[in-house]
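As the structure is a computational prediction, the values presented were derived from the model and not from experiment. In what follows, residues are counted from 1 in the order of the sequence shown.
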Amino acid sequence: MGKEIIPAGQSISITVLFITGTSLFMGVAGESGNSNWIALIFAVLLSVPLMLIYARLHRLYPGKDLFDMLLAVFGGIFGRVLCCLYIWYAVHIGALVLRNFGEFSRTVALTSTPMLAPMLVIGLLCVWVVNAGIEVLGRSAKFLLLFTLAITAVIQILAVPKYEYHHLKPLLENGWGPVLSDTAGIFTFPFAEIVIFLGAFGALPPKGSAKRVLLSGLLISGVIMIAISLRNLLMLGPDILSGLYFPSYVAVSRINIGDFLTRIEGSSAIIFVTALFVKVSVCLYAASRGIATVFKLKSYRSVVLQTGLIMVYLAEFIYQDIMQMQYFSYHIYKIYALPFQVIIPVLLWIVAEVIRYNDRQRETGNVPGS
């Protein structure tokens, strides 16, 4: 079987759905109240340099994924330790997303169904698509993104009559402190989580596609999230919004067009499921690739089922309840994720640039210190 390659357009679709993922329903960190959309804009701008660093890594090591880069730069021992850390991070993120879906099912949709059942269904679906290959996931994501954009646009238009613009005032009521705190939270969840997609960089075309993929995905997902955040704010207000676990579902449930078009929140739930399906699949793919790299397996497919089941099992007991889930997502996660998203990738980039510089010097015969 030849090397898997996903075109830039499909990669952008994966990136957009991965970033939006659970944020479509859970929302984002919200200490800043009605100024939350400003924090979203700042988080997008803050993510741009990080995306450029990720893209530069792809340019330095074309055809290699994150795990290949770690081994090439840090060597067999320390590189494998870092690979194991990223395998855990990918499995952990996948489990967190599955638990988000499980809590949504138990709280809103399937209140009498054991939480494990819907999580297992989504988990096995992700196992199937990852076994089929990243190309299949890319084609699926392209269709699902078009579906997501269409449904989101229709819901945004139908929600306009329910907007109450006084919810935007007073702007920055509590100053810049909460806005900056939310910026840090939104930066780590969900934008910088795209570091997991580096595990699929080996499937990108070798030349210059990573920059376009990451920046386009960041921009599109940023616009979607800002639009949805403003819609929820204008429909519900900051006070109600801060007390909800799934604000988008509640906001869409209030759309009522002449007592004729009602109860359309099911359509937004479908969007949530499609986005989390892509996100969990990318996490599963990255974790399986990492395991195959560390243990020198012939194919990542031999560990996909086992990794997927571990992910589902971890999702079952990772939180005690939905309150602990939300607290971890908005308060603990931004500290926990920083090494995976920023510190290790920046260190990897710096060392890779030094190695590249020394190689060039050696090729020209100007070795430092000679």
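- Put simply, the side chain of Phe143 does not reach to within 4.5 Å of the side chain of Arg139, judged on heavy atoms.
- At least one side-chain heavy atom of Pro205 sits under 4.5 Å from a side-chain heavy atom of Ile5.
- Scanning both residues, Pro339 and Pro345, for their nearest heavy atoms gives O-CD, 3.7 Å.
- Ring orientation note: the planes of His331 and Tyr327 are close to parallel, at an angle under 30° on the 30°/60° scale.
- Listed here is the closest heavy atom pair of Ala95 and Ile318: CB-CD1, 4.5 Å.
- Summarising the geometry, atom CD1 belonging to Ile38 is positioned 4.5 Å from atom CG belonging to Leu172; distances are rounded to the nearest 0.5 Å.
- Once rounded to the nearest 0.5 Å, the distance linking OG of Ser248 with CZ of Phe272 reads 9.5 Å.
- Using a distance-only test at 3.5 Å, with no hydrogens or angles considered, a donor-acceptor pair links the side chain of Ser242 to the main chain of Asp239.
- Contact of the Leu50 side chain with the Phe187 side chain is registered, since non-hydrogen atoms from C-beta on lie closer than 4.5 Å.
- Listed for the Ser253 side chain is a donor-acceptor partner under 3.5 Å among the backbone atoms of Val250.
- Looking only at distances, no side-chain donor or acceptor of Tyr249 sits under 3.5 Å from a matching main-chain atom of Ser268.
- Put simply, the side chain of Asn34 gets close to the backbone of Pro170: a donor and an acceptor are under 3.5 Å apart.
- Here Arg362 pairs with Asp359 in a salt bridge; the nearest charged N to carboxylate O distance falls below 4.0 Å.
- Salt-bridge check for Arg106 with Glu103: passed, with a basic side-chain N closer than 4.0 Å to an acidic carboxylate O.
- Put simply, the side chain of Thr15 reaches to within 4.5 Å of the side chain of Phe197, judged on heavy atoms.
- In terms of hydrophobic clustering, with Ile, Leu, Val, Met, Phe, Trp and Tyr side chains grouped at heavy-atom distances under 4.5 Å, Ile157 and Leu233 are assigned to different clusters.
- Linking Ile, Leu, Val, Met, Phe, Trp and Tyr whenever their side-chain heavy atoms come within less than 4.5 Å leaves Leu146 and Ile14 in two separate clusters.
- Aromatic ring pairs are classed by plane angle as parallel below 30°, tilted from 30° to 60° and perpendicular above 60°; the pair Phe189 and Tyr330 is tilted.
- Linking Ile, Leu, Val, Met, Phe, Trp and Tyr whenever their side-chain heavy atoms come within less than 4.5 Å leaves Val223 and Phe18 in two separate clusters.
- Distance check: Ile271 CD1 to Leu145 CG gives 10.5 Å after rounding to the nearest 0.5 Å.
- With hydrogens and angles ignored, the 3.5 Å screen pairs no side-chain donor or acceptor of Gln10 with any backbone N or O of Ile6.
- The closest side-chain heavy-atom distance from Phe191 to Leu40 is below 4.5 Å.
- The two residues Arg212 and Ala8 come nearest to each other via the heavy atoms NH1-CB, 3.5 Å.
- Note that OG1 of Thr188 and CG of Leu46 are 10.0 Å apart. Values are rounded to the nearest 0.5 Å.
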One pair to check against side-chain contact (heavy atoms from CB on, under 4.5 Å): Leu284 and Val304. What are the steps and the verdict? CA-CA 7 Å; Leu284 179 58; Val304 170; 4.0 Å; yes

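- Counting non-hydrogen atoms of neighbouring residues, nucleotides and ligands closer than 6.0 angstrom, the NZ atom of Lys142 reaches no more than 12 such neighbours.
- Counting only distance, with no hydrogens or angles, the side chain of Thr107 and the backbone of Phe104 share no donor-acceptor pair below 3.5 Å.
- The backbone N or O of Ala203 sits nowhere less than 3.5 Å from a side-chain atom of Glu4 that would complete a donor-acceptor pair.
- Other residues, nucleotides and ligands contribute over 12 non-hydrogen atoms within 6.0 Å of the CD1 atom of Ile343.
- Here the straight-line distance linking atom CZ of Arg289 with atom CD1 of Ile87 works out to 12.0 Å at 0.5 Å rounding.
- Side-chain atoms of Tyr163 and Arg231, non-hydrogen and from C-beta on, do get closer than 4.5 Å to each other.
- When every heavy atom of Lys162 is checked against every heavy atom of Asn256, the shortest pair comes out as CE-N, 4.0 Å.
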What's the verdict on side-chain contact (heavy atoms from CB on, under 4.5 Å) for Leu309 and Leu120, showing C-alpha distance, side-chain angles and the deciding distance? CA-CA 8 Å; Leu309 291 177; Leu120 184 60; 4.3 Å; yes

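- Considering only heavy atoms from C-beta on, Pro190 comes within 4.5 Å of Met225 through its side chain.
- Counting heavy atoms from C-beta on, the side chains of Glu193 and Ile19 never come closer than 4.5 Å.
- In the hydrophobic clustering of this structure, Leu219 does not group with Ile226; members are Ile, Leu, Val, Met, Phe, Trp, Tyr whose side-chain heavy atoms approach within less than 4.5 Å, directly or through other members.
- Nearest heavy atom pair, residue Ala141 against residue Leu17, reads O-CD1, 3.6 Å.
- Shortest non-hydrogen contact noted between Ala117 and Thr113 is CB-CG2, 3.9 Å.
- Connection of Leu85 to Trp88 is established within a shared hydrophobic cluster, with ILVMFWY side chains joined at heavy-atom distances below 4.5 Å, either directly or through further cluster members.
- Remark: Tyr245 OH is packed, more than 12 non-hydrogen atoms of other residues, nucleotides or ligands lying under 6.0 Å away.
- The only member of Thr22, Ile122, Leu116 that meets side chain to side chain contact (heavy atoms under 4.5 Å, CB included) when paired with Leu98 is Ile122.
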Go through Ile155 and Ser267 one step at a time and tell me if the side-chain contact (heavy atoms from CB on, under 4.5 Å) criterion holds. CA-CA 9 Å; Ile155 291 175; Ser267 60; 3.7 Å; yes

Would you sort out whether Val294 and Phe67 count as a side-chain contact (heavy atoms from CB on, under 4.5 Å), showing the intermediate values? CA-CA 8 Å; Val294 169; Phe67 306 101; 5.7 Å; no

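- Within a 6.0 Å radius of CZ in Phe295, other residues, nucleotides and ligands contribute 12 heavy atoms or fewer.
- Atoms SG and CG, from Cys126 and Leu276 in turn, are 7.5 Å apart once rounded to the nearest 0.5 Å.
- Aromatic ring pairs are classed by plane angle as parallel below 30°, tilted from 30° to 60° and perpendicular above 60°; the pair Phe328 and His92 is tilted.
- For Arg99 (side chain) and Tyr319 (main-chain N/O), a donor-acceptor pair under 3.5 Å exists by modelled atom type.
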